[in-house]
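Let me begin by presenting the structure, written as structure tokens, before commenting on it.
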Amino acid sequence: MHDKKVKSIILAAGKGTRMKSALPKVLHSIFDKPLLGYVIDALDNSGYISENFVIVGHEAQKVEDFVKSNYSNAKCILQSPQLGTGDAVSKALPYLTDFDGYVVVVCGDTPLIQADTIKSFVDFHDINDADLTVMSAVFDNPKNYGRIVRDKNNKFIAIVEEKDATPNQKAIKEVNAGIYCINWKTVSEAFNNLKNNNAQGEYYLTDIVKWAVENNLKVQSYILDNNEEIFGINSKSQLAQATKILNKKSLDRLMDAGVQITDTDTTFISPETTIEADTVILPNVYITGKNQIGKNCKIGPFSHIRGGAVIGNNVRIGNFVEIKKSVIKDNSNVSHLSYIGDAELGSHVNIGAGTITANYNPISKVKSSTIIKDGANTGSNSVLVAPVTVNEMASVGAGSVITKDVEAYSLAVTRAPLKQITNWVKMKIEQLSGGIK
Ligand code: UD1
Ligand code: CA
């Protein structure tokens with residue numbers, strides 16, 4: 001552990017033209033968390049960063065709203081117009097005058113970067129007493145990335161963007177991850193010397209390498225073995241690829257912990273979901289957001305858990321069931337065709353097929369909770385209009401609409417009494433066939 005102060009600059013001002021979207025690129029989500037969220041979390045979880053600066057520009061307000069409502073130690077700085085990644089970093093200069101420490105610069109579109117990697121990266125920079133360290137990785141297909149250029153002594157001397165590269169440079173497979181550790185005192189001057197005489201007419205952050213080499217500073221690259229981590233998202237297809245990578249990691253982690261996943265191709269589980277051993281996940285399950293799931297549960301096929309779920313042990317979540325922000329205690333079943341939202345289910349609760357918690361009032365826009373206590377059950381096709389409580393061991397009759405609390409041990413039923421018209425069908429058939437002859 002080093003004793004230098006470390007701050008970060010996260011580049012998030014670009015439009016993301018290649019996404020072909022009205023939404024800024026960094027607000028596109030994987031498992032309901034924006035790309036930018038993954039990057040800030042990785043920096044925060046490294047435990048090294050004392051303050052994050054997020055450079056915003058395109059749809060700045062939207063990006064700033066996301067940052068402000070989720071991260072108290074991040075400050076947004078406006079870059080307008082967006083003149084390139086180097087110009088973006090230079091917007092933070094006034095906030096870092098006299099700063100004597102390291103600045104880690106990260107692109108907001110590389111969501112797979114891990115906290116431990118950032119830690120080792122900063123340590124590597126520190127141990128080698130470097131002025132500038134650039135994270136790199138080797139790709140068989142390096143298309144779109146900046147290339148790491150070395151001289152004949154293998155010394156790292158520059159980064160060349162794909163659009164500016166010569167055919168020989170294009171053949172280089174070591175690429176720039178877009179993650180930098182900068183000794184601020186010696187290198188920040190580079191940002192006053194950037195030029196935009198390149199193929200894109202932009203001020204490139206990557207040109208600080210050349211500047212540092214020319215100024216005899218110590219420049220090095222930190223080659224990452226796992227190139228997946230630096231995968232940058234520029235298009236919808238890359239967003240889908242990143243989702244797959246993140247999902248595979250998440251499923252591997254769960255299987256290592258003893259969770260049984262029947263079909264890894266059709267199961268999606270967010271990295272922020274914990275599941276205990278011997279729970280079985282059947283095909284076509286989608287679990288997003290933050291959730292806790294206990295042991296010996298059976299989930300799926302075709303279940304959707306949307307975040308904020310706290311599920312105990314021996315719980316059954318069956319097909320076409322959606323769960324949102326709900327607690328479900330041990331030995332309860334929600335086996336078929338139900339929506340459980342903003343609810344609290346005790347233990348040994350049985351939810352009949354097609355039970356719906358009506359939690360949302362679209363006029364007042366208020367969401368209310370449903371409480372179903374230990375041992376209670378609901379019949380098929382019941383609607384529980386929240387706020388409402390079904391007390392211990394109570395029973396809700398099939399097809400009921402429950403608008404008042406149900407007492408413990410009682411049956412609540414709102415169906416009209418059954419009426420039978422004897423031979424009604426026979427009469428209809430006879431009418432249709434021309435009356436009784
Ligand atoms: C950049 C690097 C490239 C590297 C790649 C890694 C430069 C010039 N190129 O290319 O060497 O291999 O990342 O993924 O840096 N942004 C701003 N303001 C701007 C322009 C961009 O904040 O004026 C932000 C974007 O929102 C994005 C990040 O900077 O989060 C990177 O920009 P992008 O256009 O994706 O750069 P690449 O072409 O991928
Ligand atoms: Ca990019």
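Order of appearance sets the numbers: ligands from 1, and atoms from 1 within every ligand.
Between F320 and F302, the two ring planes are parallel [angle under 30°; tilted spans 30° to 60°]. Classified by interplanar angle (parallel below 30°, tilted 30° to 60°, perpendicular above 60°), the ring pair F66/Y71 is perpendicular.
Qualifying side-chain hydrogen bond (donor to acceptor under 3.5 Å, both in side chains) partners for E272, counting only residues two or more places apart in sequence or in other chains: K33. Shown here are the side-chain hydrogen bond (donor to acceptor under 3.5 Å, both in side chains) partners of K249, two or more places apart in sequence or in another chain: there are none.
Protein residues with a heavy atom closer than 4.0 Å to ligand 1 are L11, A12, A13, G14, R18, K25, Q79, Q82, L83, G84, T85, A88, C107, G108, D109, Y145, G146, E161, N176, A177, Y204, T206, N234, listed by chain and number.
You'll find the side chain of K290 stays beyond 4.5 Å of the side chain of S270, heavy atoms only. Looking at I233 and M19, their side chains come closer than 4.5 Å, going by heavy atoms from C-beta outward.
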Step-by-step side chain to side chain contact (heavy atoms under 4.5 Å, CB included) determination, H28 to K236: CA-CA 9 Å; H28 282 74; K236 294 267 166 72; 3.6 Å; yes
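Salt-bridge formation is detected for the pair D342/K324: a Lys NZ or Arg NE/NH1/NH2 atom is positioned less than 4.0 Å from an Asp or Glu carboxylate oxygen.
Listed by chain and number, D109 OD2, N234 OD1 are the protein N/O/S atoms closer than 3.0 Å to the Ca ion (ligand 2), with waters left out.
The number of heavy atoms from other shown groups lying within 6.0 Å of NZ (K218) is above 12.
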